[in-house]
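So the structure is just underneath, and the comments pick up after that.
Below, chains carry the letters A, B, ... as their sequence lines are ordered, and counting in each starts from 1. Just so it is clear, the values below take in all heavy atoms, side chains as well, and ignore hydrogens, waters and symmetry mates.
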Protein chains: 2
Amino acid sequence: MPERQSSRKDAIRNREAVLAAADALFTRRESPEDVTMADVAAAAGVGKGTLFRAFGDRAGLLRALYEARLEPIRRAVETGPPPLGPATPPHVRVPALLDAALCFKLDHRRLALALEEGGSGSPYRAEHYERWHSLLRAVLEQIPGLDDSDFTAHALLAATRADLVEHLAGEERVPRETMRAQLADYVTRVLASGPPQKPPAEK
Amino acid sequence: MPERQSSRKDAIRNREAVLAAADALFTRRESPEDVTMADVAAAAGVGKGTLFRAFGDRAGLLRALYEARLEPIRRAVETGPPPLGPATPPHVRVPALLDAALCFKLDHRRLALALEEGGSGSPYRAEHYERWHSLLRAVLEQIPGLDDSDFTAHALLAATRADLVEHLAGEERVPRETMRAQLADYVTRVLASGPPQKPPAEK
DNA sequence: GACGATACGGACCACGGGTCCGTTTTGCAA
DNA sequence: TTGCAAAACGGACCCGTGGTCCGTATCGTC
């Protein structure tokens, strides 16, 4: 588990270079699985040893890259203004969160794909999933009439799975805005049926 | 694409043996990825050549096994009695279909897992997914007030993804019946909000 | 029983992840 | 500035796995 910071500037520079190179490769190449660790090392102008020392293993590299790219959204969610931030009413924040997730996966298709399925072990063990899930769950909990917010959170997140997004955007050529609208619609429908009858105009 | 039938009895016997051995191994072993092709061959008492000739590649073996195990459900869906068969009213059949999918993945966790993520390329290219999706879509289409039945079908199926099921059943120790109830609930909620207001008591 | 066709099976290959260790760089301190 | 130990470098190397090849064994037919 070699994940602690180094103070040496060459180490830092190399880490940066690897991250950049990997990002470039993942967006460029068709499928995540044909970007090899040796490729990344070469593209970063670095030896394989360096790369593995810095990130542990392939999964570690993916995780680091993903986390880095996710950072802005994480901040927006944790301390930002509505509609993502904490000061948002639940029935608005839930669609916003899922939309953010969708957009992220649209913007980083290959990367999300690589991490979400290629990564040894299910995506559900990753702690970034844990974070999204427990947040979503907590927000759902505040919506009256929705029990099973745990399962519901899983199910909603499943609708933004990277490979589904990739399939729709890639194979089926569904445009970005269409997909966002469809997801928003779907989420609305799930939330709408809280207390069996209740027109949207209230509060 | 070596997939056509052979008339030679040793070939048939071996094919059977491989299928059985693979099934056994997948259910026994913890994770699908630590059952290797060599393992399967050995367990079936067969050479690797035989195995690859019969199924083409790993994905082919998985597909064949999955298809075989799925057969009963396929028949029940295509020509069986309600609630799975074609003579079922849509708002009953949809939950039934998803419940069947869930139960199948519960009964064949490792296998579904292996096929759904390990298989080269996304699960969304597999034609068995295509079948489930287009069927579900068609049924959804008959429910008034649901537009986007295409996306909705994807989203609902995503709630039964093998790795999610595995996570819930394995890590979280959610009991089978609980999970079924949660899914049923969720599906109901999605369907319920068709025409914005409509109490459940009608026809 | 013989013979062509078909299947068998394990040695063999390619390739990708991950390791090792002699060499180089860095930062500190004398 | 020079000395030096600690840290990082990098590419040769190892190993396991999917997949291939081809000489040999089996099948089924005449």
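For B:Arg131, the CZ atom counts as densely surrounded, since its 6.0 Å shell holds more than 12 non-hydrogen atoms of other residues, nucleotides or ligands.
Distance B:Ile12 CD1 to D:dC27 P: 12 Å, rounded to the nearest Å. To the nearest angstrom, C1' of D:dG16 lies 15 Å from CE of B:Met37. Between A:Arg58 atom CZ and C:dG18 atom P the separation is 9 Å, expressed in whole Å. For the pair B:Asp10 CG and D:dA25 C1', the interatomic distance rounds to 10 Å; values are reported in whole Å. Rounded to an integer number of Å, the gap from CG of A:Asp34 to P of C:dG16 is 9 Å. Between the P atom of D:dC22 and the NZ atom of B:Lys48 lies a distance of 16 Å, rounded to the nearest Å. Atom CZ of A:Arg53 is separated from atom P of D:dA6 by 17 Å (rounded to the nearest Å). Rounded to whole angstrom, the span from the CD atom of A:Glu33 across to the C1' atom of D:dT17 amounts to 15 Å.
With DNA chain D read from its 5' end, the first of the two nearest nucleotides for A:Gly45 and B:Arg13 is the one closest to A:Gly45. The nearest heavy atom of DNA chain D to B:Lys9 and to A:Ala11 marks one nucleotide each, and the one closer to the 5' end goes with A:Ala11.
Proximity note for B:Phe52 (side chain, C-beta onward) versus C:dG9, D:dG18, C:dA7: the nearest is D:dG18.
Within the structure, every side-chain polar atom (N or O) of B:Thr50 is placed at least 4.0 Å from both OP1 and OP2 of C:dA7. The side chain of B:Asn14 places no N or O atom within less than 4.0 Å of a non-bridging phosphate oxygen (OP1 or OP2) of C:dA7.
When all heavy atoms are compared, the tightest approach of A:Arg161 to A:Pro123 is NH2-CG, 4.2 Å.
For B:Tyr129 and B:His154, the ring centers are positioned less than 6.0 Å apart. Checked against the 6.0 Å centroid criterion, the rings of A:Tyr66 and A:Phe26 do not qualify as a close aromatic pair.
Residue B:Thr36 is classed as a sugar-phosphate contact, given heavy-atom separations below 4.0 Å to backbone atoms only. Using a 4.0 Å heavy-atom distance criterion, A:Arg8 is classed as a base contact.
Under 4.0 Å is where a charged nitrogen must lie from a carboxylate oxygen, and between A:Arg93 and A:Asp99 no such pair does.
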